[in-house]
Amino acid sequence: MEIKELYEKSLKTIELPAVLELLAAKCASDGAKEAALALRPSAEPRQVKERLAETSDAKAMVEGKGSPSFAGLKDVRSSLARADMGGMLNTRELLDIAGVLFCARAAASYASGRGESGSLKRLFASLMPNRFLEEKITTSITGEEEIADAASPELADIRRKMRAASARVRDSLQKIITSPSYAKVLQEAIITQRGGRYVVPVRAEKKSELPGLVHDVSGSGSTLFVEPMGVVKANNELRELGAKEKAEIERILMELSADCAAARSGIDLDYNVLTSLDLIFAKAELSYQLNCGEPLLTENEIILKKARHPLLPRDTAVPIDVTLGGAGHDTIVITGPNTGGKTVTLKTMGLMCAMAGCGLHIPAGDGSAVPVLENILADIGDEQSIEQSLSTFSSHMVNMVDILKNCGTGSLVLLDEVGAGTDPTEGAALAIAIIEYARQVGALLAATTHYAELKIYATNTPGVVNASCEFDVETLRPTYRLSIGVPG
């Protein structure tokens, strides 16, 4: 298995994608949601430090004056590209562009007058609001299919003439439908439209009594929709004005599209910056929701204090304290009862490191620290492969071979029930060999086991420490608390 595929599988095993879904739910824009779900831990210390600083600075800004709004932030890049090639954008696309410009202006206003905004200062400063274009669009387009009279003097003049012509037609037809002499000619005393022209419903047998042009016939054939000769000229004028209105609207949309094309680089930049800010402030919101804090960064040491798995209910999750790496021990062997929290401990350790690598705060106490890792490699849970007709043990071994091929300095290896699924004596020997190899290549390792041999190995081997998930002998229930240095 390729290292990238193995790493992705491990991130899924420790449940990072589920945490990223919580993050995506905090994002306002589709672009930021996609970026949240695609987020992966960085192996670059400088980038991780920058990501964490951005989240912390956003959280501080939220504490001071709430969150900025990114509502209405839509991906307009394809529309801008089409406009740049001379295409005409529709009203929805233009309103979306105005929405991006409004968001840029609102975000710039949010940051202004707030003094130094730390790592976010550069992002806020790079925004390029264009209030002139924003207001030109919103003044011209009042709804998704509605162009305002104020969009141009020509359009206002055309529509004024259309209203006058329409009034003349309706006045003429009103006289017909209210005239007693036509009472028996009309099917109903109403004015309606057919094909964009004003007509009245006439009884078929009385057609000759109201000269005009027939534009439609009812399903039964008993009613004809007639345009009286007296209103044909005014209706023609209306049609001509309607064609002029359509042409003027297209001219206005082309002009607005050209204006957007001219400002394309600035709008593209605004969209990208706003999407980044949306994601960063979503991280800050998630930090509040999960009661998280910024971890310290170390070279090769995990120090977790009162760390909680973020997907477990906060009121029932039992916090753990665990250290691994540094000048102390590079391997921890966890023992304890089934359902006692061993697997959750492994996932929590991996997830804290992965979250920090993504720039997320972690649900752990002050003083907690994590290293910037090259990769996290996990073998946790039932690995039975139906597709390859492999037993659980064989599947674990295939996975283990891939992990040992790819681990090294900068790796965190998490092994659940290492060596299980075969003869206990052979399984214990195999587990010790796997642990020894991972240690030799410089990986940090945490493993759970039921083998007594591994407890003895951890007790007698420098750099390896026992840990156990506590068990209450009086109630015969696990406490889910982790004790370092004590075998289960």
Side-chain angles (χ1 to χ4, degrees), residues 1-27 32-43 48 51 279 282-283 286 290 292 302 304 307-313 317 320 334 341-364 370-388 390-408 410-418 420-421 434 438 443-448:
M1 190 183 296
E2 294 289 331
I3 179 61
K4 186 176 180 181
E5 184 183 352
L6 181 63
Y7 189 28
E8 281 293 321
K9 181 181 177 183
S10 297
L11 292 178
K12 185 176 180 181
T13 298
I14 63 173
E15 301 177 282
L16 178 65
V19 174
L20 296 180
E21 287 193 13
L22 295 179
L23 175 63
K26 298 290 182 187
C27 298
K33 289 179 193 291
E34 290 172 11
L37 295 174
L39 200 57
R40 292 297 177 268
S42 171
V48 175
R51 286 178 170 184
L279 178 58
K283 291 179 182 179
L286 187 65
L290 300 178
C292 297
I302 297 172
L304 297 179
R308 293 173 290 101
H309 193 291
L311 301 178
L312 293 177
I320 62 167
I334 306 169
K342 301 191 303 296
T343 303
V344 171
T345 297
L346 289 186
K347 288 185 175 183
T348 301
M349 292 174 69
L351 195 49
M352 297 299 104
C353 295
M355 287 175 67
C358 292
L360 294 167
H361 287 175
I362 64 173
V370 293
V372 178
L373 298 168
E374 289 286 336
N375 48 51
I376 299 167
L377 304 173
D379 182 67
I380 298 173
D382 185 2
E383 287 289 332
Q384 186 171 10
S385 174
I386 295 171
E387 294 87 351
Q388 297 178 29
L390 297 175
S391 68
T392 299
F393 176 75
S394 299
S395 288
H396 277 294
M397 285 303 100
V398 169
N399 209 31
M400 200 68 65
V401 168
D402 288 332
I403 288 174
L404 295 179
K405 278 182 182 176
N406 292 289
C407 71
S411 298
L412 172 63
V413 177
L414 305 168
L415 306 177
D416 193 24
E417 299 297 347
V418 58
I434 289 169
L444 292 176
L445 187 142
T448 69

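Bear in mind the structure is a predicted one, so any value in this text is a computation, not a measurement. If you read the sequence from its start, that first residue is 1, and numbering goes on from there.
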Has the side chain of R51 got a donor or acceptor atom that lies under 3.5 Å from a matching backbone atom of L360? no
Measure across C407 and V413 and return the closest heavy-atom pair with its distance rounded to 0.1 Å. CB-CG2, 3.8 Å
Considering non-hydrogen atoms only, spot the tightest contact between L412 and G350 and give its length. CD2-CA, 4.0 Å
Measuring only between side-chain heavy atoms, which start at C-beta, is D379 closer than 4.5 Å to L414? no
Separation of K4 NZ from E8 CD (nearest 0.5 Å): 7.0 Å
Nearest 0.5 Å please: distance from the NE2 atom of H361 over to the CG atom of L290. 11.5 Å
K33 meets the side-chain hydrogen bond (donor to acceptor under 3.5 Å, both in side chains) criterion, sequence neighbours left out, with none
Considering non-hydrogen atoms only, spot the tightest contact between N375 and Y7 and give its length. CA-CE1, 3.8 Å
V372 meets the side chain to side chain contact (heavy atoms under 4.5 Å, CB included) criterion, sequence neighbours left out, with P45, V48, L297
Closest heavy-atom contact between L445 and A438? CD1-CB, 3.5 Å
Is the closest side-chain heavy-atom distance between K283 and K26 below 4.5 Å? no
Between NZ on residue K342 and CD1 on residue I380, distance to nearest 0.5 Å: 12.0 Å
Under the side chain to side chain contact (heavy atoms under 4.5 Å, CB included) criterion, do L415 and M400 qualify, and how do the steps go? CA-CA 9 Å; L415 306 177; M400 200 68 65; 3.6 Å; yes
Could you walk me through whether L444 and S411 pass the side chain to side chain contact (heavy atoms under 4.5 Å, CB included) check? CA-CA 6 Å; L444 292 176; S411 298; over 6 Å; no
In the structure I gave you, are the side-chain heavy atoms of P41 and M355 within less than 4.5 Å of one another anywhere? no
I'd like to check the side chain to side chain contact (heavy atoms under 4.5 Å, CB included) partners of A36; sequence neighbours left out, ordered by chain and number. L23, A24, C27, L279
Can you give me the closest heavy-atom contact between A447 and L346, atom names plus distance? N-CD2, 4.2 Å
Do any pairs count as a salt bridge (charged side-chain N to carboxylate O under 4.0 Å, His left out) and have a residue in residues 346-361, sequence neighbours left out, and if so which ones? E15-K347
Kindly compute the distance separating CG (L311) from CZ (R308), expressed to the nearest 0.5 Å. 11.0 Å
Taking side chain to side chain contact (heavy atoms under 4.5 Å, CB included) as the definition, give me every residue that meets it alongside T348, ordered by chain and number, with sequence neighbours left out. A307, H309, I320, V344, M352
Test side chain to side chain contact (heavy atoms under 4.5 Å, CB included) on I362 and C292 and set out the steps. CA-CA 5 Å; I362 64 173; C292 297; 5.6 Å; no
Report the C-alpha distance between I3 and D402 in whole Å, list the side-chain angles of each, state the deciding distance to 0.1 Å, and finish with yes or no for side chain to side chain contact (heavy atoms under 4.5 Å, CB included). CA-CA 8 Å; I3 179 61; D402 288 332; over 6 Å; no
Ignoring hydrogens, what is the shortest heavy-atom contact between I302 and C353? Give both atom names and the distance. CD1-SG, 3.8 Å
With a 4.5 Å heavy-atom cut-off, do L16 and C358 have their side chains touching? yes
For T448, the side-chain hydrogen bond (donor to acceptor under 3.5 Å, both in side chains) test, sequence neighbours excluded, returns D416
